[in-house]
Colleague: 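To start, I am sharing the structure in question, which I have written as structure tokens.
Convention: sequence-line order gives letters A, B, ...; per-chain numbering from 1.
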Amino acid sequence: MFHETQLISISLVLLDITICGRMNQEMMASLYVGDLHPEVTEALLAWTFSPAGRIHSIRLCRDWKTRSSLGYAFVNFEQRADAERAMEMFHFELLMGRPMRVQWSQRDKSLRNSSIGNLFIKNLDKSIDTLALFHTFSAFGKVLSCKVVGDEKGSEGYGYVHFESAEAADFAMNRLNGKVLNGRKVFIERFKSREERKAQVGQWGWKPVFVDVAQQKEECQAYPVHQNRQRMASMQAQNLAASFSPSQKVEPCLDLLWTAQTIQSQYVQNIPDVVQPVPVHQQTGGTITSTSPFTMFE
DNA sequence: TCTTATT
């Protein structure tokens with residue numbers, strides 16, 4: 001039927017397709033984008049993410065019957081470097097008023113649902129949003145996932161930080177548990193699944209009660225940073241920075257965005273008992289004098 | 001008060 005040379009060339013074509021398929025899989029980089037506003041469309045996602053690089057495809061997951069958005073999507077880039085850039089550019093950026101959670105796509109459900117390195121944080125001050133939590137905890141290790149529940153509508157006072165490693169999670173828990181963050185003493189525990197939690201309640205028969213301790217012996221400041229790039233930029237443009245008095249609540253700045261991601265662990269070994277935010281007018285437009293998100297109170 | 005995901 002086929003001449004020998006034809007068979008060889010067909011095989012080569014198949015081999016080529018196989019290799020390209022593999023290559024594409026390796027090269028392609030898939031991002032999971034969660035916490036999307038229900039009105040966000042594929043087109044809006046494409047428009048939003050395209051500045052990062054060439055997008056291979058976008059899959060916004062919808063209810064198969066109603067076609068309404070399920071609030072998450074996969075944005076697939078042709079190049080891994082572009083996906084990395086997209087994550088840097090858009091992680092927790094607001095889209096239709098909601099901070100997007102941008103993570104590497106993890107297709108393995110068991111890995112996704114692993115509670116190793118996962119922390120539950122409660123009694124959070126309302127001023128601490130997902131970004132503040134993310135930047136504060138990023139000082140202790142690589143954060144895979146982070147969320148303040150109810151963020152866009154107003155914090156419900158608790159959230160999650162999932163670290164890449166159990167060590168980083170323990171490190172953060174040991175260092176920050178019981179610290180006063182923005183005026184409230186935070187409680188940090190390892191995350192427990194619903195089943196674990198149920199078992200625990202059954203064992204003790206009562207619900208734990210926690211109290212907001214007003215004593216400000218150990219106080220830290222959580223920094224919402226990334227979200228405020230535009231606000232900071234416009235503030236600087238309007239030259240308003242100088243009008244902020246040191247007594248005002250700290251506002252985030254660009255320097256701290258950079259800081260939190262590159263912080264050395266030596267700086268978080270010794271979190272001072274009393275810390276005070278750096279006044280805004282000292283932060284803007286200046287050089288970085290400290291790489292710690294915690295500032296000593298003199 | 002203990003998340004998240006159907007390419």
Colleague: Counting only distance, no hydrogens or angles, is the base of B/dC2 paired donor-acceptor with the side chain of A/E189 under 3.5 Å?
Modeller: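 Such a pair exists between side chain and base.
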Colleague: Counting only side-chain heavy atoms from C-beta out, which of B/dT7, B/dC2, B/dT3 sits nearest to A/N118?
Modeller: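 Closest nucleotide to the A/N118 side chain: B/dT3.
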Colleague: Given A/I58, which of A/T41, A/V33, A/L45 fulfils the side chain to side chain contact (heavy atoms under 4.5 Å, CB included) condition?
Modeller: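 It is A/L45; the other options fail the test.
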Colleague: Using whole Å, report how far CG of A/L36 lies from P of B/dA5.
Modeller: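 Distance check: A/L36 CG to B/dA5 P gives 10 Å.
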Colleague: Is it the case that the base of B/dT7 and the side chain of A/S30 share a donor-acceptor contact (distance under 3.5 Å, atom types as modelled)?
Modeller: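 Such a pair exists between side chain and base.
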Colleague: Provide, to the nearest angstrom, the distance between the CZ atom belonging to A/R112 and the P atom belonging to B/dT4.
Modeller: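 In whole Å, B/dT4 P and A/R112 CZ are 11 Å from each other.
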Colleague: What's the shortest heavy-atom distance between A/R184 and A/D125, and which atoms?
Modeller: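 Minimum heavy-atom separation between A/R184 and A/D125: CD-CA, 3.4 Å.
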Colleague: Over how many whole Å does the gap from A/H162 atom NE2 to B/dA5 atom P extend?
Modeller: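 Going from A/H162 (NE2) to B/dA5 (P), I get 15 Å.
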Colleague: Once you apply a heavy-atom cut-off of 4.0 Å, does A/L70 come out as touching a base, just sugar-phosphate, or nothing?
Modeller: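 Since a base atom lies under 4.0 Å of A/L70, the category is base.
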Colleague: Just jot down the ring pair (Phe, Tyr, Trp, His ring centres under 6.0 Å) partners of A/F137, sequence neighbours excluded, or say none.
Modeller: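 Per chain and number, A/F137 pairs via ring pair (Phe, Tyr, Trp, His ring centres under 6.0 Å) with no residue.
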Colleague: Side-chain donor or acceptor of A/N76 under 3.5 Å from a matching atom on the base of B/dT7?
Modeller: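 Pair found.
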Colleague: Which whole-number value in Å describes the distance from A/I58 CD1 to B/dA5 P?
Modeller: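 It is 18 Å, rounded to the nearest whole Å.
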Colleague: Could one point to a donor on the side chain of A/R101 or the base of B/dT4 with an acceptor on the other under 3.5 Å away?
Modeller: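 Answer yes: a donor N or O sits under 3.5 Å from an acceptor.
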Colleague: Report which part of the nucleic acid A/S105 touches: base, sugar-phosphate, or nothing (heavy-atom distance under 4.0 Å, all strands).
Modeller: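 Counting heavy atoms under 4.0 Å across all strands, the contact made by A/S105 includes a base.
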Colleague: In whole Å, what is the span from the CE atom of A/M100 to the P atom of B/dT3?
Modeller: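 Rounding to the nearest Å, CE of A/M100 and P of B/dT3 are 24 Å apart.
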Colleague: Less than 3.5 Å between a donor and an acceptor, one on the side chain of A/R59 and one on the base of B/dT6, is that the case here?
Modeller: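 Looking at the base of B/dT6, it does pair with a donor or acceptor on the side chain of A/R59 (distance under 3.5 Å).
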Colleague: Measure from CG on A/D35 to P on B/dT3 and round the result to the nearest Å.
Modeller: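 That distance rounds to 14 Å.
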Colleague: Rounded off to whole Å, could you give me the CZ-to-P distance for the A/R107 and B/dT7 pair?
Modeller: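 Going from CZ in A/R107 over to P in B/dT7 covers 6 Å.
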Colleague: B/dT7, OP1 or OP2 - any side-chain N/O from A/Y72 closer than 4.0 Å?
Modeller: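 Checking B/dT7 against A/Y72, no side-chain N or O comes under 4.0 Å of OP1 or OP2.
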Colleague: Looking just at side-chain N and O atoms, do A/S68 and A/D63 make a donor-acceptor pair shorter than 3.5 Å?
Modeller: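 No, no side-chain donor-acceptor contact under 3.5 Å.
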Colleague: Expressed in angstrom and rounded to an integer, what is the separation of A/Y32 atom OH from B/dT3 atom C1'?
Modeller: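 So the two atoms are 9 Å apart, to the nearest Å.
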Colleague: Going by atom type alone, with no hydrogens or angles, which donor-acceptor pairs under 3.5 Å involve a side-chain atom of residues 157-165 of chain A and a protein atom two or more places apart or on another chain?
Modeller:
residue, atom, partner, partner atom, Å
A/H162, NE2, A/S114, O, 3.4
A/H162, NE2, A/I116, O, 2.8
A/S165, OG, A/A168, N, 3.0

Colleague: When you get a sec, tell me which of B/dT7, B/dA5, B/dC2 is the closest nucleotide to the side chain of A/K122?
Modeller: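 Nearest nucleotide to the side chain: B/dC2.
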Colleague: With respect to the side chain of A/S145, which nucleotide from B/dC2, B/dT7, B/dT4 is positioned closest?
Modeller: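 The nucleotide sitting nearest to the side chain is B/dT4.
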